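Notes for the one structure printed next.
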Number of protein chains: 2
Amino acid sequence: MKKSEINSTEIARMAGVSRSTVSRVINNYPNVPQATREKVMQVIEQYNYAPNFSARIMSGKRTSTIGLFMVSREEVFNDSLTNALITRVIESASKRGYYVLTYIIRNTKDDDIMRNVKNTFYQQRIDGGIFIGAANHEPFIEELIADGFVVGVVDQHLEGRSEPNRVISNFNNLEGMRQGVDYLYSLGHRQIAHIAGDPLRWSGPEKLEGFRQAMEAHGLQVRSDWIIPSNFSERSGYQSVQHWLKVTKDLPTAIFACNDSVAFGALRALNEADINVPGDISLMGFDDHLLSARIHPALTSIHVDFSDMMDALTGKLIETIEVSSTDSKRYVGTTELVIRDSCQPLR
Amino acid sequence: MKKSEINSTEIARMAGVSRSTVSRVINNYPNVPQATREKVMQVIEQYNYAPNFSARIMSGKRTSTIGLFMVSREEVFNDSLTNALITRVIESASKRGYYVLTYIIRNTKDDDIMRNVKNTFYQQRIDGGIFIGAANHEPFIEELIADGFVVGVVDQHLEGRSEPNRVISNFNNLEGMRQGVDYLYSLGHRQIAHIAGDPLRWSGPEKLEGFRQAMEAHGLQVRSDWIIPSNFSERSGYQSVQHWLKVTKDLPTAIFACNDSVAFGALRALNEADINVPGDISLMGFDDHLLSARIHPALTSIHVDFSDMMDALTGKLIETIEVSSTDSKRYVGTTELVIRDSCQPLR
DNA sequence: CTGAAAGCGCTTACAG
DNA sequence: CTGAAAGCGCTTACAG
């Protein structure tokens, strides 16, 4: 198993120059005459030479690699949305000449796993990292930021924290929830329940807050027994609605779910209880998941652009790595109502 | 932006030993007395020390990283199946202590992109790599294998090539096609069309061959004008069936698509032409895509286990990297008929 | 414009 | 059982 084992010394010898000059050519330094450059390039190409990656890093170059860490207890394997986020980061990074090291964190309490994650930073395998699906306040992330590593976090908001190496992306959840409630209101709905998201993630409580504000703006009451807890997953949507149906005294005319996955689960539970959507109850989601247009009834939702978000976050992360200081470390995505079949006017 | 800059010299000094001993402790060598080991470990933990990754590689250690290369012209972003393959490899590698560097190849003819891909090998960024979606005979892959790099390829079959550093995975396509044709035959279908896959990929022609063999086994004729070309994507399924409907003289009673994505596209084209599935035509897929159970009509298909395949391939790849020679370099997944609603008996 | 030399942070024979 | 020293393959001041 012999690999191309040529190194810069060999190249230098064959080109009749010193390793310094070979290095200058590789790194495209200006102080090399055209003739010399060509002579060296020719040998490099002939031997398919590529400078050893580790050696470059040892002498101070960047890794041109970012870490992508997905926090997810559930099987990521089956969630097309989560998977799409990964590929989006990869494409965005690759466009900018960066490689992506991806890691899936099943359990942030597992010491072995977390050591691996931190080590990618400590060992200088990567120039920076992106975290998706983490709790709003996650000690190990704060530790990495405190240590000076460049870190991007999806869905985070910590009051007063704006270190230059912290890059954040969110959606305008307050606005999105208002759009949803406004629409339901316009259809005549006054009794609206909310399936709330994971309380540890920033968007969970923020969406709940947006729901509250929007309801109050219309003078509507928010019933605490109609705030159904969940954790953003299809399964949790199914289970909490199933349970809630058993204990609730009366039903609302509409349910606004914290995201579409939860709405899918809720729909399943409602169907099983012979409650028709949208006949008996209107159901609204949030995210505009890839499946939302395909299920029956097609889900009315709040569209957000994950693709744009991940692209922007990756871009800002790399900018921060390269220039250290950028204009804005924060991305806030807009929201838009997408009307389909799962909500109907109250008669 | 100061990072943890401690190195083995510092650790050695604080622990009152030499760097050699620190190294021995880190690498868990047996010739270190328990007392010394503990003394060193304590300092290591206290300072959150992790040996520099590049330095270890420079001195001969493995990178514990594999490359994952997805060849795909289409937007990977939207295909949940392709995305699932990626996460499966990541989870499988991570389980074995390996990291995954993922790269998406939009165009194998783009020199810049291909240079990047090859360089991950040449620069020794990775210990080996997996290719998904590549043509059966892809020169750059053959080149890497010839250079001695450990390479895993999904869906490849090259007669007589079985280098020790070539790891392959396939499904039993002949058997799968037979199961599908047998089922359609049992429903009374005699006039069956096939939407063929990408002719450059191994599974395309192999599935066509399986279709031929199965048809002939039943004494059925394979009409060349009922072999509809496609390239495995939803869009190509849609476009080729749309075009085929315009030119075909008569319709078959059943269509067997090379995979489910293509079947989705075909279904869309058939619906638009007011041809009812399964009322007017039965439609069978291959793969058992995540969406197949959800669409209407739910798609009858040939189930294959991509998750198991990618897990096995990743495992074999890593085995080959670590032990150089393993038992079997080849994985062949089984197929299974999954009956849903898109095929019905011929009356 | 160019080369000799130091340095990056490890691991590993080698010697004791 | 343990340390001094060489070596991995680059880059980069430094000197000319």
Side-chain angles (χ1 to χ4, degrees), chain A residues 2-41 43-44 47-65 119-127, chain B residues 2-41 43-44 47-65 119-127:
Chain A
K2 58 147 223 326
K3 295 173 188 176
S4 69
E5 277 167 1
I6 196 144
N7 58 24
S8 73
T9 308
E10 293 291 303
I11 298 290
R13 194 166 44 74
M14 316 204 76
V17 296
S18 71
R19 292 154 72 215
S20 313
T21 299
V22 172
S23 180
R24 289 189 188 100
V25 170
I26 289 166
N27 291 290
N28 244 304
Y29 287 168
N31 54 349
V32 180
Q34 191 58 22
T36 311
R37 184 180 303 278
E38 275 166 15
K39 188 173 60 182
V40 175
M41 278 309 292
V43 181
I44 285 178
Y47 289 88
N48 245 329
Y49 167 71
N52 182 288
F53 173 65
S54 302
R56 303 194 81 193
I57 295 170
M58 285 288 291
S59 46
K61 294 287 190 187
R62 289 202 201 89
T63 66
S64 297
T65 305
N119 278 353
T120 55
F121 288 87
Y122 292 148
Q123 298 173 332
Q124 296 186 48
R125 269 180 187 246
I126 56 179
D127 296 331
Chain B
K2 56 148 224 326
K3 295 171 189 178
S4 70
E5 278 166 0
I6 197 146
N7 58 23
S8 73
T9 308
E10 293 291 304
I11 298 291
R13 193 166 44 74
M14 315 204 78
V17 297
S18 72
R19 291 153 72 217
S20 313
T21 299
V22 171
S23 180
R24 290 188 187 101
V25 170
I26 290 168
N27 290 290
N28 245 304
Y29 287 168
N31 54 348
V32 180
Q34 191 58 21
T36 311
R37 182 180 304 279
E38 274 166 15
K39 189 172 60 181
V40 175
M41 278 310 291
V43 180
I44 286 178
Y47 287 89
N48 244 329
Y49 166 71
N52 182 288
F53 172 66
S54 302
R56 303 195 81 193
I57 296 171
M58 286 287 292
S59 43
K61 295 288 190 187
R62 290 204 201 88
T63 66
S64 296
T65 306
N119 278 352
T120 54
F121 288 87
Y122 292 148
Q123 297 173 333
Q124 296 185 46
R125 271 180 185 246
I126 55 180
D127 296 332

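To find a chain, count down the sequence lines: A is the first, B the second, and so on, and within it residues start at 1. All figures in this text were calculated on a predicted structure; none of them were measured in a lab.
- Under 3.5 Å, the side chains of B/T65 and A/R125 contain a donor-acceptor pair of N or O atoms.
- Look at A/K61 and you'll find a side-chain N or O under 4.0 angstrom from OP1 or OP2 of D/dT12.
- Of the candidates C/dG3, D/dT2, C/dT11, the closest approach to any side-chain atom of B/S59 belongs to C/dT11.
- Two residues, A/S8 and B/T21, neighbour DNA chain D, and the one matched to the more 5' nucleotide by heavy-atom proximity is B/T21.
- As rounded to whole Å, 10 Å separates atom C1' of D/dT12 from atom CG of A/N27.
- Of the listed nucleotides (C/dA4, C/dA13, C/dC1), C/dC1 has the atom at the smallest distance from the side chain of A/P33.
- When side chains are defined from C-beta on, A/N28 counts as touching A/R37, because their heavy atoms get closer than 4.5 Å.
- Side chain of B/N7, nearest nucleotide from C/dC8, C/dC10, D/dC10: C/dC10.
- When heavy atoms are screened at a 4.0 angstrom cut-off, A/N31 is found touching base atoms of the nucleic acid.
- Atom P of nucleotide D/dG9 and atom CD1 of A/I11 are separated by 13 Å, given to the nearest angstrom.
- A/N52 places its CG atom 6 Å from the P atom of D/dC10, with the value rounded to the nearest Å.
- Side-chain nitrogen and oxygen atoms of B/S23 include at least one within less than 4.0 Å of the OP1 or OP2 phosphate oxygen of C/dT11.
- Residue A/T36 is in sugar-phosphate contact alone, with no base atom involved, counting any heavy-atom pair closer than 4.0 Å across all strands shown.
- Taking atom CD1 of residue B/I26 and atom P of nucleotide C/dG9, one finds them 13 Å apart after rounding to whole Å.
- In this structure, B/S18 and B/V22 have side chains that are not in contact, with every pair of non-hydrogen atoms separated by 4.5 Å or more.
- OP1 or OP2 of C/dT12 lies within a sub-4.0 Å distance of a side-chain N or O belonging to B/Y29.
- Distance B/N119 CG to D/dC10 P: 12 Å, rounded to the nearest Å.
- Rounding to the nearest 0.5 angstrom, the gap separating the CZ atom in A/R56 from the CD atom in B/Q123 is 7.5 Å.
- Remark: D/dC14 base-pairs with C/dG3; criterion is Watson-Crick or G-U wobble with both hydrogen-bond distances under 3.5 Å.
- One atom, CZ of B/R13, and another, C1' of C/dC10, lie 17 Å apart when rounded to the nearest Å.
- Below the 3.5 angstrom threshold, one finds no donor paired with an acceptor across the side chain of A/S18 and the base of C/dA4.
- C/dT11 atom C1' lies 9 Å from atom CZ of B/R19, rounded to whole Å.
- Distance from the side chain of B/R24 is smallest to D/dG3 among C/dC10, D/dA13, D/dG3.
- Taking atom CE of A/M58 as the reference point, atom C1' of C/dT11 lies 11 Å away to the nearest angstrom.
- At least one side-chain heavy atom of A/I26 sits under 4.5 Å from a side-chain heavy atom of A/Y49.
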